[in-house]
Novice: 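Sharing a structure below in structure tokens format, with a few things to ask.
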Amino acid sequence: MFTMKKLFVIVSLLALCLCGNNAQAQVAESADWAMKIKAEGLNNSKIEELSQFMTDYLGSRLTASQQKRRADKLVVEKLTEMGLSNPRSAFAMTFERGGWDVVKTYAAMTTPYYCAFSVNPRAWSGSTDGLVKGECMLFNAQTKEDLEKYRGKVAGKILLLPSNQNYDIKFEPLASRFTEEELEELTKDNRGTARMRFLGGRPNFDFRAMMEFRQQLAQFYATEKPLCVVNGSGSFNVPSGSGVNYKVGDPQPVPEINMPLEDHGRMVRLLQKGHKVEMELELINEFTNDCEVRNIYAEIPGTDPKLKDEIVLLGGHFDSWHGGSGAADNASGCIVMMEAMRILRDLGFKPRRTIRLALWGGEEQGLYGSRGYLEQYLYKDEKKLPGFDKFALYLNMDNGSGRFRGIYLERNDAAVPFFEAWMKAVEPLGFNYLSPRNTGGTDHQSFTRYGLPAYQFIQDELEYGRTYHTIMDTYERLSLSDLRIDATIVAWLAACAANDPGRIPVYPVVNTRPRMPF
């Protein structure tokens, strides 16, 4: 059967025959750069230094928080130090929630005995009036009618919501890598058999009703004034991160905390057995009227007069939740993309197209940063902007710190021959698989919904599912050896995309409505 792959090979051979010594020289030059990039990335890596900087030193980076603003400034300084061109922090989109930072968090059970708990305040929730003490009560309201049963009964109480988690002992390893069988399965085209997320798994789910009830619940808390709301969220005594609905100008919401299922379950079981349970808490959270999502950019400028305005984009989201230091999610992606840029910059690589680094803000709340970039430079109000036709490629990383095994091609068959040619030099690093499938939940979707060539990597999961969005997402979650290989692969793919005479074509799409990011 005549395939695009065969066509690509034939065209390449014809080019070699027609160009003679010039083509052979280009092949030799390409092999030379592949060797240089691998040597620099694997033998002179700055991954460990960057990892400590991006996690231990920067800390958490909740969207629009003062800690995020501090981190933005420090990363721009770091990119300047690395010698990249035009490093900057730039406005992407308006963010109605504004800024929010944790100042102090303390929570403990005091009756029937004392036990301090590891908890995480929900972002954009309010503060207690100093150190407060109160009696705990179970609070299970699923409808507006349920709320009326509790009216007048919750003032001054600490409300324990039902847990949506159960723990079962697991006998699989906590960390894992893809098996060869799993990777081979990903190379199979699932078009026609894949079911849409949410629609397939939850056919009766009413998103509008859920949002309406959340608003009713927030109003109930505001008028009935419980001391605090306690959510069961997290496991292994590690609370997770999440946020409440809030926008600048609203009254500050009641304090809410996330508590891991072990501690939450203990208090719930005590209450269910009729025992009195009391807690003491001190939660201090600071609100600021900073309503901007900002991205960070830097470049290696293109040198070809005809191609230098075309963009090869490398990125990942820089924002995180507030409990840990956002290591796997997603300092890891930023570390890899920054290191890839450093490799090319330190080697003196002169790309034909411009290679641009983009560290997005606001991904966790709905892809704000990447959507803002798209609306500023590529596509807005159902019209192409000048940058649309100059968009060559976007490579995104946002699945933890596991090793790259290949790439999801978002059903763009025309991308296959490009990646098959580019990946040859890095196949010995384990980068061997091309999946025609879509993958979701991160910033490349801002671009793929318009058919632009934007891709996410196939990565070993490691222990990502256990640790992301929790206070345990710290430096220890990073696999430095994997990140070193990932950065080398990205540097090589970026060099190929920047200098390839051809470009991956835009995938034709009919429906350009935004897809749900989560």
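What you are looking at is a predicted structure, and each value in this text was computed from that prediction instead of being measured.
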Novice: Show your reasoning for whether side-chain hydrogen bond (donor to acceptor under 3.5 Å, both in side chains) applies to Y433 and E180.
Specialist: CA-CA 10 Å; Y433 295 90; E180 296 304 313; 2.3 Å; yes
Novice: Keeping Q459 on the side-chain end and N399 on the backbone end, is there a donor-acceptor pair under 3.5 Å?
Specialist: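 A pair under 3.5 Å: yes.
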Novice: Measuring from T439:OG1 to I407:CD1, what's the distance to the nearest 0.5 Å?
Specialist: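 One finds 11.0 Å between OG1 of T439 and CD1 of I407.
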Novice: Counting distance only, does the side-chain N/O of S401 pair as donor-acceptor with the main-chain N or O of S479 below 3.5 Å?
Specialist: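 Checked: pair present.
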Novice: Got M109 and L270 here, is their nearest side-chain heavy-atom distance under 4.5 Å?
Specialist: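 They are in contact (side-chain heavy atoms under 4.5 Å apart), so the answer is yes.
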Novice: Given 3.5 Å as the limit, does a donor-acceptor pair link the side chain of R294 with the main chain of S89, or not?
Specialist: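 Answer holds: yes.
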Novice: Does the side chain of Y221 reach to within under 4.5 Å of the side chain of L159, using non-hydrogen atoms?
Specialist: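 A side-chain contact under 4.5 Å exists here.
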Novice: Apply side-chain hydrogen bond (donor to acceptor under 3.5 Å, both in side chains) to residues E256 and N231 and explain how you reach the verdict.
Specialist: CA-CA 7 Å; E256 289 197 48; N231 302 272; 3.2 Å; yes
Novice: What about Y455 and F419, are their ring centers closer than 6.0 Å?
Specialist: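 Under 6.0 Å, so yes.
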Novice: Is it true that F95 and W124 have ring centroids separated by less than 6.0 Å?
Specialist: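 Ring centroids of F95 and W124 are less than 6.0 Å from each other.
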Novice: Among D460, D486, D482, find the residue that satisfies the salt bridge (Lys or Arg N to Asp or Glu O under 4.0 Å) test when tested with R405.
Specialist: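 Only one of D460, D486, D482 forms a salt bridge (Lys or Arg N to Asp or Glu O under 4.0 Å) with R405, namely D460.
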Novice: With distance as the sole test, does S435 use its side chain to make a donor-acceptor pair with the main-chain N or O of L186 at under 3.5 Å?
Specialist: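 Checking the backbone N and O of L186 against the side chain of S435, a donor-acceptor pair under 3.5 Å is found.
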Novice: Show your reasoning for whether side chain to side chain contact (heavy atoms under 4.5 Å, CB included) applies to Q67 and L62.
Specialist: CA-CA 7 Å; Q67 281 199 210; L62 184 70; over 6 Å; no
Novice: For the backbone of D473 and the side chain of T467, can you confirm whether one donor and one acceptor N or O come within less than 3.5 Å of each other?
Specialist: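 A pair under 3.5 Å: no.
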Novice: Nearest 0.5 Å, what's the OH-CG distance between Y167 and L261?
Specialist: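 Going from OH on Y167 over to CG on L261, the span is 9.0 Å.
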Novice: Working to the nearest 0.5 angstrom, can you tell me the gap between D413 CG and R191 CZ?
Specialist: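 If we round to the nearest 0.5 Å, D413:CG and R191:CZ are 4.5 Å apart.
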Novice: Short question: side chain of H264, backbone of L161 - any donor-acceptor pair under 3.5 Å?
Specialist: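 Answer holds: yes.
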Novice: Would you mind reporting whether T63 and S65 have side-chain heavy atoms less than 4.5 Å apart?
Specialist: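 Not in contact.
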Novice: Less than 4.5 Å apart, side chain to side chain, heavy atoms only: is that true for F53 and K46?
Specialist: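 No, their side chains stay 4.5 Å or more apart.
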Novice: Can you confirm if the NZ or CZ of R70 lies within 45° of the ring axis of Y57 and under 6.0 Å from the centre of its six-membered ring?
Specialist: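 Yes, R70 and Y57 form such a contact.
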Novice: Using the rule given for side-chain hydrogen bond (donor to acceptor under 3.5 Å, both in side chains), can you reason through E476 versus T474, listing the C-alpha separation, both sets of side-chain angles and the distance that settles it, and then say yes or no?
Specialist: CA-CA 5 Å; E476 288 74 18; T474 57; 2.7 Å; yes
Novice: Given side-chain hydrogen bond (donor to acceptor under 3.5 Å, both in side chains), test N120 with W321 step by step and report yes or no.
Specialist: CA-CA 10 Å; N120 197 18; W321 286 104; over 6 Å; no
Novice: Apply side chain to side chain contact (heavy atoms under 4.5 Å, CB included) to M423 and L434, showing your working.
Specialist: CA-CA 10 Å; M423 70 192 301; L434 298 179; 3.9 Å; yes
Novice: With no hydrogens and no angle check, is any side-chain donor or acceptor of R122 less than 3.5 Å from a backbone partner on G243?
Specialist: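 Yes.
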Novice: Answer yes or no: is there an ion pair linking E182 with R177, defined by an N-O contact shorter than 4.0 Å?
Specialist: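 Between R177 and E182 there is no salt bridge, as every charged N stays at least 4.0 Å from the carboxylate O atoms.
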Novice: For the CD atom of Q66 and the CH2 atom of W100, what is their distance to the nearest 0.5 Å?
Specialist: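 With rounding to 0.5 Å, CD (Q66) is 13.0 Å from CH2 (W100).
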Novice: Going through the distances and angles, do W33 and L347 end up as a side chain to side chain contact (heavy atoms under 4.5 Å, CB included)?
Specialist: CA-CA 9 Å; W33 273 111; L347 288 175; 3.8 Å; yes
Novice: Any side-chain heavy atom of M82 sitting closer than 4.5 Å to one from M338?
Specialist: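 A side-chain contact under 4.5 Å exists here.
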Novice: Could you tell me whether a side-chain N or O of S320 sits under 3.5 Å from a main-chain N or O of S60, the two making a donor and an acceptor?
Specialist: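 No.
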Novice: Using modelled atom types and a 3.5 Å cut-off, is there a donor and acceptor pairing between side-chain atoms of N258 and backbone atoms of S240?
Specialist: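 Side chain of N258 to backbone of S240, a donor-acceptor pair under 3.5 Å: yes, one is there.
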Novice: Once you round to the nearest 0.5 Å, how far does NZ of K73 lie from NZ of K78?
Specialist: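 The NZ atom of K78 is 13.5 Å from NZ of K73, to the nearest 0.5 Å.
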Novice: More than 12 heavy atoms of other residues, nucleotides or ligands under 6.0 Å from NZ of K170: is that the case?
Specialist: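 Yes.
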Novice: Check whether any side-chain heavy atom of Y464 sits under 4.5 Å from a side-chain heavy atom of S176, and report yes or no.
Specialist: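 No, every pair of side-chain atoms sits at 4.5 Å or beyond.
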Novice: Check whether any side-chain heavy atom of V268 lies under 4.5 Å from a side-chain heavy atom of L138, and answer yes or no.
Specialist: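 When only atoms from C-beta onward are counted, L138 and V268 do touch, with a gap below 4.5 Å.
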Novice: Y468 vs R477, test: side chain to side chain contact (heavy atoms under 4.5 Å, CB included). Steps then yes/no.
Specialist: CA-CA 9 Å; Y468 85 116; R477 307 287 83 77; over 6 Å; no
Novice: Could E262 and R266 be called an ion pair, given the rule that one side-chain N must be under 4.0 Å from one carboxylate O?
Specialist: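 The answer is no: the pair does not qualify as a salt bridge.
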Novice: So, applying side-chain contact (heavy atoms from CB on, under 4.5 Å) with L483, which one of E48, M397, E339 is it?
Specialist: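 Among E48, M397, E339, the one that satisfies the side-chain contact (heavy atoms from CB on, under 4.5 Å) with L483 is M397.
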Novice: Drop me the distance from I311's CD1 to R356's CZ, to the nearest 0.5 angstrom.
Specialist: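 One gets 4.0 Å once the value is rounded to the nearest 0.5 Å.
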Novice: Looking at side-chain heavy atoms only, is the closest gap between D146 and N140 below 4.5 Å?
Specialist: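 They are not in side-chain contact.
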Novice: Would you call R342 and D346 a salt bridge, using N to O less than 4.0 angstrom?
Specialist: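 Salt bridge present between R342 and D346.
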Novice: Hey, does the side chain of S125 reach the backbone of P253 with a donor-acceptor pair shorter than 3.5 angstrom?
Specialist: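 No; zero donor-acceptor contacts below 3.5 Å.
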Novice: Between F318 and R61, is there a cation-pi geometry (under 6.0 Å to ring centre, at most 45° from the normal)?
Specialist: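 R61 over F318 ring: yes.
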Novice: For the residue pair W360 and Y394, does the interplanar ring angle fall in the parallel (under 30°), tilted (30 to 60°) or perpendicular (over 60°) class?
Specialist: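 W360 vs Y394 ring planes: perpendicular.
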